[in-house]
Number of protein chains: 2
Amino acid sequence: MSLDINKISVKNSLTSCFGTALESINGGDEFLALLANNADEVHIDSHDYLLNEGESADYVFIPISGSVMLERTASNGARQVYAFLFTGNILGLSTSSIAKYNYSAKALSDLTAIRINRQVLEEFFKRALDIGKKYHTRTEVVLSAMLDHLFVMGQRTAHQRLAHFLLDMENRLFCHKGQYNLPMSRQDIADYLGMTVSTACRGFTALKKKGWISISSNSLIIINDRDAMTHYITD
Amino acid sequence: MSLDINKISVKNSLTSCFGTALESINGGDEFLALLANNADEVHIDSHDYLLNEGESADYVFIPISGSVMLERTASNGARQVYAFLFTGNILGLSTSSIAKYNYSAKALSDLTAIRINRQVLEEFFKRALDIGKKYHTRTEVVLSAMLDHLFVMGQRTAHQRLAHFLLDMENRLFCHKGQYNLPMSRQDIADYLGMTVSTACRGFTALKKKGWISISSNSLIIINDRDAMTHYITD
DNA sequence: CGAGCCCTTGATGCATTTCAACGAATGTGG
DNA sequence: CCACATTCGTTGAAATGCATCAAGGGCTCG
């Protein structure tokens, strides 16, 4: 149970997660000390689960390398993907304090993450209110993202939703010149956007035929005409 | 700026909102005193807005009579309804602490609500941690509801979504014997479930023809066969 | 009692799913 | 390193669900 808080990757993820270097916040140093003693670094193989829906929500995770997918599967096998998370995002907080996770989290690649005990975290926040507030703000950011996703799901056609998704990924993945690798499968994308794999594929092909994107190795996306796509998704 | 915390309707709404009588929580009496001095009771006419997307998020509301709809409208006029709220629900919290509302809230009927200043509320939570925790749990409940909504939106056919909605309303509205009045219009329902008014109407007709529901005065719904509907929505 | 809005329903066309086939990519054991 | 098995991505054809457009009926309120 110990975390090397001086490791660059750890520092970067925490900074990215809280929106600012922890040292610069009131109580930040104390928080780092807490993490050093009460958090640890876990490694998850690709396709394995960090946490499962229904499990007691004991931990909060912050990925420091790799990416994660949040999903829920119904008894009939229908799956909804809620979100894709990357380095510096946070997961495990969207559940009421004592209860169970209400989704599962799956590693899309080999993953390294900071794992923190929820109980310890919340006890700490009672003493360090500035940090606590920053933390609770994260929950609200997640909620805000869900609202955006819900809006997209309710309003647009399948191909528009896909275009929206590709632009969103461009913003959230660390990439240059509108070129990036999608870490998730077509099926994952389809389940995220509420469509079938076929429709997702046809969407990719349609955007390619319009010349707005290029696809090299199935996962390497190049955005050619951002303006056209932006215009397209806003009708 | 003063609220009568001894009024039955106010007491009931607060109890329902926090899941327990405030007096029974550590710091609850102090919280009630705060509300008495820093909250007030507002009245909103039907179809008027409690708050608008983009406005500074200065207040939190708890309806004590009437119902509310949360919505967002895009520049192209497309609207997504996020939620319907009733007595004892809370709204205004799903936004990061200093920022703006990210949806609008419209009264579906003549409405009475408790209005509380966010700033005052959050300052208080720094001192009364048990109350603060209960409050933050509310945010998580909202998030949890959003996840459920998103799941429904992504998975089911229009008619299944409608059936799901009618069962959900039965649970949330205060009704007996599976009979209740819908406070919102067909258009509102359609925008909530991501379909057109036509489709929503056809859905009502289809459920009626199957004998699962009855409709008297357009807004009076009677659930005849809950089991059949439950089975229907789970495929 | 009339005007206007909301609800309902029909006809048509388009978007998406479904079912199925095939090629491309990926992994595995010989 | 190759042959094979397997999964993943793409595409076609048919069927279906849903949106759109349009009209008519019912409710509500001045």
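A, B, ... follow the sequence lines: proteins, then strands. Residue 1 opens every chain. Reckoned from all heavy atoms, side chains included, excluding hydrogens, waters and symmetry mates.
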Tell me which of B/Cys201 and A/Gly194 sits closer to the 5' end of DNA chain C, going by the nucleotide each one is nearest to. B/Cys201

Please classify the nucleic acid contact of B/Ser185 as base, sugar-phosphate, or nothing, using heavy-atom distances under 4.0 Å. sugar-phosphate

Take the protein atom CD of B/Gln155 and the nucleotide atom P of C/dT16, then report the distance between them rounded to whole Å. 16 Å

In whole angstrom, what separates B/Arg161's CZ from D/dG17's C1'? 11 Å

Ring geometry between A/Tyr103 and A/Tyr82 (parallel below 30°, tilted from 30 to 60°, perpendicular above 60°): perpendicular

Taking the cut-offs as 6.0 angstrom to the six-membered ring centre and 45 degrees off its axis, would you call B/Arg115 and B/Tyr59 a cation-pi pair? yes

Find the distance B/Arg156:CZ to C/dT17:C1' and express it as a whole number of Å. 16 Å

Separation of D/dT28 P from B/Arg186 CZ (nearest whole Å): 12 Å

When we call it a touch if two heavy atoms are under 4.0 Å apart, what does A/Thr199 touch: a base, just sugar-phosphate, or nothing? base

Restricting to nitrogen or oxygen on both sides, can you table the protein-nucleotides 22-28 of chain C pairs closer than 3.5 Å?
none

Please find out if less than 6.0 Å separates the ring center of A/Tyr232 from that of A/His159. no

Round to a whole Å and report the spacing from NE2 of B/His47 to P of C/dC5. 12 Å

Please determine if B/Lys100 and B/Glu53 form a salt bridge, counting it only when a charged side-chain N lies under 4.0 Å from a carboxylate O. no

Base, sugar-phosphate, or nothing: which does B/Thr196 touch, judged by heavy atoms less than 4.0 Å apart? base

So which of B/Leu173, B/Leu220, B/Ile221 actually passes side chain to side chain contact (heavy atoms under 4.5 Å, CB included) with B/Gln179? B/Leu220

Do A/Arg186 and A/Phe204 meet the cation-pi criteria used here (NZ or CZ under 6.0 Å from the six-membered ring centre, within 45° of the axis)? yes

Is there, by distance only and without an angle test, a donor paired with an acceptor across the side chain of B/Arg202 and the base of C/dG10 below 3.5 Å? yes

Using a 4.5 Å cut-off on heavy atoms from C-beta on, say whether the side chain of A/Thr234 contacts that of B/Ser75. no

Contact under 4.0 Å: A/Thr205 side-chain N or O vs D/dT11 OP1/OP2: yes

